[in-house]
Structures are given as C-alpha cells and as structure tokens.
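One structure below.
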Amino acid sequence: MYKRTMLSAVLVAATMGLNAQKPISAPAGGKAISDELIGIFFEDINNSADGGLYAELLQNGSFEFSMADRDGWGPGTAWKQLRPGHSLGYLEARNDNPVHANNSHFMRLHIERTREFYDYKGWRGFGLQNDGFDGISVKAGEKYDFSAFMRNVTGAAKNVRVALVEQKPGWPPADPKVLAEAYFKVEAGTWQKFEAVLTPDSTCQKASLYILALDNGDMDIDVVSLMPEDTYKGHGLRKDLAQALADLNPKFMRFPGGCVVHGGGDGFWNTYRWKTTIGPKEQRRQLKNTWGYHQSCGLGYFEYFQFCEDLGMEPVPILPAGVSCQGTNGGWNMWPKQAQDVVPMSEMDEWVAEAIDLIEWANGDPATNKWAKMRAEAGHPKPFNLMYLGIGNEEKITPEFNERFKYIYERVTKAHPEIVIVGTAGPGSHKDNPDYEAGWKLAEELNMPILDEHYYEPNTYFLNKRQYDNYPRDRKTKVYLGEYAAKDKKLIDALAEGLYLLHVERNADVVAMTSYAPLFARKNGTQWNPDLIYYDNERPFLTCSYYVQQMFGQSSGNYYYGDCVKFEGDAAGVVQPQENVHYGQSVILNTKTRKLFVKLCNAGAEAKTANIDLSRFKGLKKLATKTTIAGQPNDENNFDAQPIAPKSETIKAQKKFSFNLEPYSMVMLQYSL
C-alpha cells in the first residue's frame, strides 16, 4: 500500500463515484488544492447513535444501563413490568452465567400466576414492555426483525408471546391493538437465540413491544432487539439519516469522537476501546456515554468502517493517546490549570498495540492475521483500506501528552509507514492559546503530516477572520479543521460559515480537510447546540448550515482560481474573501469530473454585483445549474418550520457576465466541460 498524501499539491487516487470521462488539464492561473476538503465528523453526542443513526428501535435491550450512566438508572431502565389480567410475578436483574461476560446483566422473570381464568380481553401472562425512544415508530407492511436470548430456569417449558402493540388512550389501559405478534417455546435450560419477523398491519408512531411469558416458573431474557429490515444498504443504519449524510457528498468521516474517545470527564475506565465494538452484538462491551447517557456500541467500529465504504468516504478513526481529557474530575472548572490523568509509560505498549492492531484489523490478510480474520468472520473479507489514523482529541498539550503521543506516533509510523497519522492542536486552536502553539511545535518537530484544529465561535469570527492566509506555505504539516461551527443555527450563521469556507478553499493547499461539528441531535435528547441535523423518530430536520455544507460537498475540486470573479467597488487586485468583508467568491475546477463551480456568498444587507469571466475554461457546455440559498438573516430551520432550502434551476451558460448577488444569499453555479 502507498502512503496517501492528499495533504500536498499532488493528490493521488481516483475519487469513488466519478463518471468515466477523460480528465481535462487545468488552465493556467489555478492553484492545486485538496479535493477532499469536505467530510463529516460523527460523535455519539445528542443521542446520535442509539435512538439515532443506529436503527435499533428498543432502548436498553440488553439491560446494561447503570448508575454509572446516570443517577437512578439500572438494568430495568426503559422497561415496564406487564401484568395483564392481574397476573402475578416479579422481575430480577441478575449477572450470574450471562450470555457473554461483556454483556453481564440480564432479566429474570419470576412468573407466579398466568392462568386462563385471569385473561383480560385476550391478554394474559407476565412480562416486559419497552417503548423504545419516545415510542417505537413502525409502518404498515414493513418488516421488523425481533430477536432475543432466552432460557428456561424452573418449571415446564415457557410459551412466550411477543407483540408490537398500539397503546390506546383512556381507561382501562389493558386494551392495546395488536399490530404484529409471534410465539416462541423456551424449553432449554441454556441460552438460546429466538428470532421472528414482525410485520405490522397498520402504521403507528408510538408503538410498544410486549414480551409475555404464558407459563409459571422462572425464565431469563437478554439482548432483546427490534430492527427494521429496511436499513441503509442493509447495514443496520437508519435509512433517512444515513441518506442525509450521503447527500452531503462527504469525502471522509472522522469517528467515534470527540470527547467520547478518551472517556470525557470520567477517566480511563470509560475510554472507548475499538476491540470491544467489533464482535457479535451480544459480545460487545457497553459503556457510559461521555454526554450523560448510555451507548450500546451496536454502532461500533465495524459499522463505522462499513458506512464509510458505503458512502465512498475515507475512514478517519481516532484513538486515545494515553492521556485523559483535561475535564476529568471537574478539570474544566480549573481552567487553565486543568488536571490530566496519564497512562504510566510502562503500560504504553498496550496503547501502541491498540493502534497497530486496528490497522491490521482494517487492512490485513485474514489468512495470516488474527485481527483481519475477525474482520472477515464479521462479513468483510476484503480490506477496508484504512489510510488515516487520528491519535488524541483536544488534549491539553502538556509534557506528559507529548511524551505519550511521541511514543505511539514513532512506533506506529515505523510499523506502518503507509498510514497518515493525524495529530491534535489541543482544545482551542487560536494563537492566544498555549496548547495551540505547543501542538504546532510538536507537529513540526515530528514532521507530522496533518494536525487537527478545533474552534466554536460566534458568527462574527467566521465573518471577519481569515487566518489561513497567514499560515506558512513551507510547512510539511497540513491542517485538518476537524470541529468548527458558528454558535447558532440561523441563516446568518450558515452564511458566515460559507464565507469562511470560501476562505478555506482559497487556502486548501494548507487546509486539507474540514468537518462541521456536531453532526446529529435528537429532539428531546440534545446536550449541545447548534448541530447540523436534528431529527425525531419520523424524519430529519436539516439546518441552514446543512445546506451550506452540502453546497461545498457537491463542489469539490482539485484546482482553485481566485481571479475569475471581481466584485464592483473592490480595488484592483483584491481577491475575496478578505478580513472584515462580508461577501466573497471561489472558483473550483474538478479536472477528474470535468466540472467547474463558481460559489458566491453575501452575508451583508446590500446587494453586490460580481463580474465573472470564465473565458480560460474551454469547452463549457451550453447549460449550467444555479443553486441558491437565501432568506432573512434570522431565518432558522427547526422542528416547527423549515423556511430555508436550496433552490435549483437550469440556466444558459455564459463565459463573461455580471451577476447580481442578493443580500443574505449564497449561490453556486455549476458548469460541465
């Protein structure tokens, strides 16, 4: 395997999904840039995985919630006891002889009375109810795969009824409508997996799942699952949310965090370890989520890599650097003198192995490598072709961090020189932040290929700052802007981000990758605002920023031209966007797809006239596409209203013309050559 540089002017490899036309030569005056500038960053924040992108419909199906997740939580969280017809029994959470040691808790049903005499309108038995995430949304005629591990403990074999039901309002409550059901007979005294396909006969947005044991005695149950069969490419991800990401045209995905990587403020016991997320679902180690809830890891490293493959994205996994988040044990309250726990140097080989084993799991030969064999056994014999690996996330750049990062970096690079290691510039990437300066110093000392910068700022920052114009051009280390966003989600914030990305495109010889953050937020489950995509059980809600990101994802290219557009009133030689000027432009050529993109942004209150000259680009087709995002500065897409969406139209292509750019708008003109 070759070492991919994407970080220099010479970009290698063909991009997936391109048409088969012969590439063209770039006209004079262009600057070679990264053609993989726009990606996505997925972190399980705002309930983005369980109850979000991961299509599982049940909450706490493995009874692994605990007080470590949240005060008052336990194995029974999200479950209710069912006693139709005054049946008798009780539930007991246990951990003796579980399905798997990594999934240690299960629920025992002590069933005392289920006789026919106590039937109520056809309902009897003793058992459990799960309402999913704010209800279970099912559609008529769609298929849903139910599965559970069960074992009979005492008494005769247990007949078990599983039903998807619609709860009817009013009294009495024990009169639900059956949408779909299945029956099982649990005979063995050992764990067995039971499966059925449930097909509802009507649509319901707030269904519940009933599991009722119909015979007396004791029975255990664990790893209960309800998955729609209609998932994105059949790989277990919620179809509409995955499609919203696909529509961004991202070139890479960074995962699984973020603060999730190193356990956030909880310490090393809660560090995300990729090896516990790749086996069968019942064997994965679940853990507390940094953001105050539980993560099942049903969406684990195998699913992340598979999703990257499905969308033609480069995977960019992030691993811990042997240093905790500085927020551990209240460290954020001690800024700038934050606490930082560290792995003893005598134990650092374990963390080196974490990285090397991941590379071998992703890229190795199943015939000769045990980790690659696990990948093949999970259903992917071909390598994932991992090329990028991040070490660390936003850690304070202390001497302890430097020592441990170097230890990992040098050994991983020696073992796998083909892998591009992504470093971190600390928790705040600004020149007045000592961690930023220390992070860049370490990067230059190691000749690191790329460094991850993060910043969240008011829209005025993105409207006015153009710092990458001043970055040294002779640095070997390129920039990955891995987390950024304006601190609101109005149209003016999206336009500020768009204007800033025009600046980034102009400097895409220095900035190789960018990803907005955070990506997802669940309604009634949001810890951080703003976010790119909000959603409930029925649909995603796309923000103004989403559409700006989409426009840039659609217009990727490998050459930048800064002198094709002149705004009236600008001095001769001025190339927008400039600092403290709230309008700008960018012209991008993709020589591989033979596409030319002109992007114009006006984040101000006055219309601007742009004079556009595309004469140097030979062979422009007769028609072009014009896409516009426009509105009032305080317009905002939310759960109640979606006033902002792009509008596209076909126009006559011209080589030289004047364009009226309306206030508070962003326009993309797309040409074919």
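Counting from 1, the numbers follow the sequence of the chain as shown.
No side-chain donor-acceptor contact under 3.5 Å links Gln578 and His503. Side chains of Ser555 and Lys599: a donor-acceptor N/O pair is present below 3.5 angstrom, by distance only. Looking at Tyr54 and Ser48, their side chains never bring a donor and an acceptor atom within 3.5 Å of each other. With hydrogens and angles left out, the side-chain atoms of Asp310 and Gln306 include no donor and acceptor closer than 3.5 Å. For the residue pair Asn634 and Glu636, no side-chain donor N or O sits within less than 3.5 Å of a side-chain acceptor on the partner. For the residue pair Ser648 / Lys626, no side-chain donor-acceptor distance below 3.5 Å is found, with atom types taken as modelled. Side-chain polar atoms of Trp440 and Glu453 form a donor-acceptor pair below 3.5 angstrom. In the model, Asn558 has a side-chain atom that pairs as donor or acceptor with a side-chain atom of Thr591 under 3.5 Å. Side chains of Asn602 and His582: a donor-acceptor N/O pair is absent below 3.5 angstrom, by distance only. Between the side chains of Ser556 and Asp35, not a single donor N or O lies within less than 3.5 Å of an accepting N or O. A donor-acceptor pair shorter than 3.5 Å cannot be found between the side chains of Glu314 and Tyr388. Judged by distance alone, the side chains of Arg238 and Asn537 never bring a donor and an acceptor atom under 3.5 Å apart.
Cation-pi geometry between Arg475 and Tyr471 is met: the NZ or CZ atom falls under 6.0 Å from the ring centre, inside 45° of the normal. Judged by the 6.0 Å and 45° rule, Lys523 forms a cation-pi pair with Phe639.
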Run the numbers on Asn507 and Glu505 for side-chain hydrogen bond (donor to acceptor under 3.5 Å, both in side chains), then give the verdict. CA-CA 5 Å; Asn507 290 280; Glu505 280 189 326; over 6 Å; no
Check the pair Ile38 / Lys251 against side chain to side chain contact (heavy atoms under 4.5 Å, CB included), numbers first and verdict last. CA-CA 6 Å; Ile38 304 298; Lys251 300 301 185 291; 5.7 Å; no
Walk me through whether Phe307 and Leu237 qualify under side chain to side chain contact (heavy atoms under 4.5 Å, CB included). CA-CA 8 Å; Phe307 186 51; Leu237 301 187; 3.5 Å; yes
Verdict with reasoning, Phe255 to Phe42, per ring pair (Phe, Tyr, Trp, His ring centres under 6.0 Å): CA-CA 5 Å; Phe255 60 89; Phe42 183 90; 8.7 Å; no
What do the steps show when you test Asn46 against Arg522 for side chain to side chain contact (heavy atoms under 4.5 Å, CB included), and what is the final call? CA-CA 6 Å; Asn46 305 316; Arg522 180 178 175 83; 5.7 Å; no
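Using cut-offs of 30° and 60° on the angle between ring planes, the pair Tyr480 and Phe252 is perpendicular. Ring orientation note: the planes of Trp274 and Trp361 are tilted relative to one another, at an angle of 30° to 60°. Using a 30° and 60° split on the angle between ring planes, Phe659 and Phe657 fall in the perpendicular class, above 60°.
A side-chain donor-acceptor contact under 3.5 Å links Arg616 to the backbone of Ala28. For Gln576 (side chain) and Val574 (main-chain N/O), no donor-acceptor pair under 3.5 Å exists by modelled atom type. Checking side-chain atoms of Ser586 against main-chain N and O of Leu502 turns up no donor-acceptor pair under 3.5 Å. The backbone N or O of Leu532 lies less than 3.5 Å from a partner atom in the side chain of Thr543, making a donor-acceptor pair. Of the possible donor and acceptor atoms, one in the side chain of Asn363 sits under 3.5 Å from a partner among the backbone N and O of Asn385.
Rounding to the nearest 0.5 Å places CG of Leu673 at 6.5 Å from CG of Leu589. The structure places CG of Asn660 at 9.5 Å from CD of Glu568, a figure rounded to the nearest 0.5 Å. With rounding to the nearest 0.5 angstrom, the CG atom of Leu499 is 5.0 Å from the SG atom of Cys601. Note that the CE atom of Met668 and the CD1 atom of Ile629 stand 8.5 Å from one another [nearest 0.5 Å]. The CD1 atom of Ile419 sits 9.5 Å away from the OG1 atom of Thr413 when rounded to the nearest 0.5 Å.
Counted within 6.0 Å of NZ on Lys31, heavy atoms from surrounding residues, nucleotides or ligands total more than 12; the atom is thus considered enclosed. Heavy-atom contacts from other residues, nucleotides or ligands closer than 6.0 Å to CD of Glu538 number more than 12.
Using a 4.0 Å cut-off between a side-chain N of Lys or Arg and a carboxylate O of Asp or Glu, Arg539 and Asp240 do not qualify as a salt bridge. Taking 4.0 Å as the cut-off between side-chain N and carboxylate O, Lys476 and Glu444 do not count as a salt-bridged pair. Lys655 has no carboxylate O lying under 4.0 Å from a charged side-chain N of Asp613, or vice versa, which leaves the two without a salt bridge. In this structure, Lys441 does not pair ionically with Asp435, as no charged nitrogen and carboxylate oxygen lie closer than 4.0 Å. Comment: Lys239 engages Asp230 in a salt bridge, judged by a side-chain N to carboxylate O separation of less than 4.0 angstrom.
With respect to Tyr455, the ring-ring contact (aromatic ring centres under 6.0 Å, His included) criterion is satisfied by exactly one of Tyr461, Tyr516, Tyr436, Tyr484: Tyr461.
Among all heavy-atom pairs drawn from Pro540 and Tyr535, the shortest one is CA-CB, 3.9 Å.
Arg254 places a side-chain heavy atom less than 4.5 Å from the side chain of Asp452.
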